[in-house]
Amino acid sequence: MLLVSEPTLGPDEKEALAAAIDSGWITMGDRVREFEQTFARMHGADEAIAVGSCTAALHLILHALGIGPGDEVLVPSLTFVATANAVLYVGARPVFVDIESGAVPLMSVADAQRKCTSRTKAVILMHFAGYLADREEWQAFARSKDLLLIEDAAHAPGVKGVGTFGDAAAFSFYGNKNMTTAEGGAIITRHRILSDMIKRARSHGMTSNTRQRLVSRSPEYDVTLLGFNYRMDELRAAVGLVQLRKLSGWNDTRRRLSLHYRQRLAERCPSVLVPFKPSWVSAHHLLPVVLPAASSRQALIEELRKCGVQTTIHYPPVHRLTFYQDRYPGVSLPNTEDFCGRELTLPLHPAMTPADVDHVADSLAEGLRASQPAEVVQA
Ligand SMILES: *Cc1c(COP(=O)(O)O)cnc(C)c1O
């Protein structure tokens, strides 16, 4: 089965893991620090903070920025549920913003403009499928409304400048992302005070960590703010360091496969829309397509499965998930709803070959023919 995504792991990761185990120091040590420095450099940032997940990263950012009850945060609904959940964790209200269009399924500045109130404190951008939001446009928007600008950069690691759009950014190293530590995440922020707070809040709000207490020979510590256990361990950082060395090569492979997809799909499935212009700056995390309105997505998913091709959906819109619909009924985002009703995510990962892409495109073309309702065929 050709999977939608697949982690690339091998002997280098095994060796790095074994070395971390042999070192005798298994959490928050030299490997975590080196991972943070390498990750920051790659994105053109001064500093990065490694954490347990992107969800933890988003929570820490909002917590450290002091966002809380009575505040509103603009978020896309076309995202993974964690983006909105983090807003609820700090007691604030997520306000869902529509996407621009099927061709540009990124949060619409015009709709964000309309959703702003006197209570709006921040906006969380999400670089959907790896395609970057417009840096200047969102910076100008945040400035004009005096909002904090946060990136959920889970889909776009390894692209220079990602994570430096605004006040802070969250990354994910979950197993299906462009690079993985199995579970893991990172934060980039350009504010010194914020990064100090986040580092403290990552570990219970404590003023010193285990290693510092060992080095300073003093077992004393204080707790100065509400913190969590959102730390990254040395085993994950060891795997992450290996993955970081390979990330830009993998992103380049993803880019080439995506371009190949665009050509093949244009030839063989002209009724299918591939969002974004081919030259759009991207980490090519996903290969989303928009199916023609008349086709049955479920039938296509089954047809493709028979051809050995897994497909999936990014995403069920967050505002339509039961938990959110119950909490915030009556939210209407026409472009997001149309996109999410017709979106299909095709396999894309660095272990694929151009022949795999051809097979997916052929299977999709065949599926589209087979799954078309009779009246459309006659028309
Ligand atoms: C994967 C993902 C997350 C959550 O990442 P975790 O590391 O699993 O917490 C958040 N936002 C987006 C857009 C994601 O794709």
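The analysis underlying the following values was restricted to heavy atoms, covering all of them including side chains, and did not include hydrogens, waters or symmetry mates. Nothing here was measured: the structure is a model prediction, and the numbers come from that model. Each residue takes its place number in the sequence, starting with 1. Just follow the structure's listing: the first ligand is 1, and inside any ligand the first atom is 1.
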Checklist entry - Has the side chain of Gln310 got a donor or acceptor atom that lies under 3.5 Å from a matching backbone atom of Val4? => result yes

Next on the checklist: Distance under 4.0 Å to a non-hydrogen atom of Ala154: what atoms of ligand 1 satisfy this?
Outcome noted: 2 (C), 11 (N), 12 (C), 13 (C), 14 (C), 15 (O)

Next on the checklist: So is Tyr315 touching ligand 1 or not, going by heavy atoms under 4.0 Å?
Outcome noted: yes

Item to check | Output field: ring centroids His127/Phe165 closer than 6.0 Å | outcome: yes

Checklist entry - For Asp152 and ligand 1, does the shortest N/O to N/O distance drop below 3.5 Å? => result yes

Checklist outcome for this item: shortest atom 3 (C) of ligand 1-to-protein heavy-atom contact is with Phe80 CD2, 3.6 Å

Next on the checklist: Is it the case that the side chain of Arg190 and the backbone of Thr164 share a donor-acceptor pair, with hydrogens and angles ignored and the cut-off at 3.5 Å?
Outcome noted: no

Checklist entry - With sequence neighbours left out, which residue pairs that include part of residues 328-362 fulfil the ring-ring contact (aromatic ring centres under 6.0 Å, His included) condition? => result Phe128-Phe339

Checklist entry - For ligand 1, is there an atom lying under 4.0 Å from some heavy atom of Gly184? => result yes

Item to check | Asp46 atom CG, over 12 foreign heavy atoms within 6.0 Å | outcome: no

Checklist entry - Who's the nearest protein heavy-atom neighbour of atom 2 (C) of ligand 1, and how far? => result Lys177 NZ, 2.8 Å

Next on the checklist: Below 3.5 Å, N or O to N or O, backbone or side chain included: is there any such pair between Thr55 and ligand 1?
Outcome noted: yes

Next on the checklist: Taking distance alone, with N or O pairs closer than 3.5 Å, would you say Thr79 contacts ligand 1?
Outcome noted: no

Item to check | Nearest neighbour in protein (non-hydrogen) for atom 15 (O) of ligand 1 | outcome: His155 NE2, 2.9 Å

Checklist entry - Taking Asp222 for the side chain and Thr207 for the main chain, is one N or O donor matched with an acceptor at less than 3.5 Å? => result no

Checklist entry - What atoms of ligand 1 come within less than 4.0 Å of a heavy atom belonging to Met126? => result 13 (C)

Checklist entry - Is Glu183 near ligand 1, meaning one of its heavy atoms is under 4.0 Å from it? => result no

Next on the checklist: As an exercise, state the distance from CG of Leu9 to NZ of Lys246, rounded to the nearest 0.5 Å.
Outcome noted: 8.5 Å

Checklist entry - What pair of heavy atoms forms the shortest contact from Glu343 to Arg297, and how long is it? => result O-NH1, 2.7 Å

Item to check | Check: Phe39 ring centroid to His43 ring centroid under 6.0 Å | outcome: yes

Next on the checklist: Using a 4.0 Å cutoff against the non-hydrogen atoms of Ser53, which atoms of ligand 1 qualify?
Outcome noted: 7 (O), 9 (O)

Checklist entry - What do you reckon, does Cys54 have a nitrogen or oxygen under 3.5 Å from a nitrogen or oxygen of ligand 1? => result yes

